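One is the number of the first residue; the rest follow in order along the sequence. One-based numbering, in listed order, for ligands and for the atoms of each. Computed over heavy atoms, backbone and side chain alike; hydrogens, waters and symmetry mates excluded. Keep in mind it's a predicted model, so treat the numbers as computed, not measured.
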Amino acid sequence: MNKIQMVDLKNQYQKIKSEVDSSIQSVIDSTAFIKGGIVDEFANNLANFLSVKHVIPCGNGTDALQIAIMSLGLKPSDEIICPSFTFIASAEVIGLLGFRPVFVDVDKDSFNVTAKNIEKAISVKTKAIIPVHLFGQAAPMEEILAIAKKYDLHVIEDTAQAIGADYTFSNGEKKKLGTIGTIGCTSFFPSKNLGCFGDGGAIFTNDDVLAEKMKMIANHGMKVRYHHEVLGVNSRLDSIQAAILNVKLKHLEEYQAARYKAAQVYTEGLKGIEEIETPVEVPYSTHVYHQYTLKIKNGLRDKLKDFLAENNIPAMVYYPIPLHLQKAFLQIARQGDELKVSEELSECVLSLPMHTELDEMQQSYMISKIKEFFKA
Ligand SMILES: *Cc1c(COP(=O)(O)O)cnc(C)c1O
């Protein structure tokens, strides 16, 4: 049996090696390492895939969020609402830019922020919401959009973990995650569902004015070279990463199917173990399973994790400390309400290996070991 890894990028690469290698080689031959035509080509292909008007590539997912927030013209101490149960990047840039993160609780089944919790946290200073589509499925965007409209708030979707997932509105309309709010942000970090061979990110919007502004911010605040209209940043997707992503985008749907299949095998195999709750799929979103995350009852999470490690099965806790309890935020953040669910989840979640290359033998081995632990 192949060694089990959280993410298996090596075997994924082997299957597309010739395509990827020749795509990289053509960038090297062109020596257009920055702003090569391939970057625009990838941005166009991604815009078509997502059915969104503008895709602005940038340096990484954290930059994407930063540039998105910078484009909104907020004032110091304005507030931005964000879930507490997420990766720090979702909230870090809020504080970094001098705004106040307001943390809200998530739903215990979907792990995603709820509209009700958002509404409770709104103050006169609230200007934006950052819903995170955690682990690969959507936050309840239809309800979030309704609240955003009611209170005149911007919505920045953090789609770093859910690129390619579809949202279905109550009227049957479907949209790709990241194209629903004012702005969508994503990451091409290697382990993400659409990952490159280094750092990369992108911003999506249907708003022409914001798109212009964000392009300018990402490029030192200039439209015309050496004419700097605003303070910006230097955040680019380089040509080699774009060349890789252009190939991998063609395989994204097949990768999604492989992840989905692996998730179903886990869920079927772990059915009936009393101490385990398998992931809940919400009706309004497809699930692209960036992570396959269990809830382990009776305080047994850490013991199970150790037992799996002894049996050469990696498993990870995403995330062990909710953001409102992180030292970095203690002075600057506000808590919208009690954040009990985020705290409880940080104690009981466990993510199993999830990637496109899991095979039957690896999965049945993992399932049998988990059963052995619970004597199920
Ligand atoms: C990975 C990730 C980011 C940041 O992406 P980077 O490219 O690593 O900067 C932001 N938000 C979430 C939810 C993520 O998982």
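- Exactly one residue among Lys215, Glu212, His228 makes a side-chain contact (heavy atoms from CB on, under 4.5 Å) with Lys223. That residue is Glu212.
- Applying the ring pair (Phe, Tyr, Trp, His ring centres under 6.0 Å) definition to pairs two or more places apart or across chains, those involving residues 88-128 are Phe103-Phe329, Phe111-Phe135.
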Provide, line by line, the atom pairs where ligand 1 and the protein bring an N/O atom each to a distance under 3.5 Å; else say none.
{"residue": "ligand 1", "atom": "5 (O)", "partner": "Ser187", "partner atom": "OG", "Å": "3.3"}
{"residue": "ligand 1", "atom": "7 (O)", "partner": "Gly61", "partner atom": "N", "Å": "2.8"}
{"residue": "ligand 1", "atom": "7 (O)", "partner": "Ser187", "partner atom": "OG", "Å": "2.7"}
{"residue": "ligand 1", "atom": "9 (O)", "partner": "Asn60", "partner atom": "OD1", "Å": "3.4"}
{"residue": "ligand 1", "atom": "9 (O)", "partner": "Gly61", "partner atom": "N", "Å": "3.3"}
{"residue": "ligand 1", "atom": "9 (O)", "partner": "Thr62", "partner atom": "N", "Å": "2.8"}
{"residue": "ligand 1", "atom": "9 (O)", "partner": "Thr62", "partner atom": "OG1", "Å": "2.5"}
{"residue": "ligand 1", "atom": "11 (N)", "partner": "Asp158", "partner atom": "OD1", "Å": "3.3"}
{"residue": "ligand 1", "atom": "11 (N)", "partner": "Asp158", "partner atom": "OD2", "Å": "2.7"}
{"residue": "ligand 1", "atom": "15 (O)", "partner": "Gln161", "partner atom": "NE2", "Å": "2.9"}
{"residue": "ligand 1", "atom": "15 (O)", "partner": "Lys192", "partner atom": "NZ", "Å": "3.1"}

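- The list of ring pair (Phe, Tyr, Trp, His ring centres under 6.0 Å) pairs with a residue in residues 21-62, not counting sequence neighbours, reads Phe42-Phe188.
- In this structure, Lys176 pairs ionically with Asp166, as a charged nitrogen and a carboxylate oxygen lie closer than 4.0 Å.
- Take Phe87 and apply the ring pair (Phe, Tyr, Trp, His ring centres under 6.0 Å) test, not counting sequence neighbours, and it matches no residue.
- A donor-acceptor contact under 3.5 angstrom links the side chains of Asp29 and Gln25, judged on distance only.
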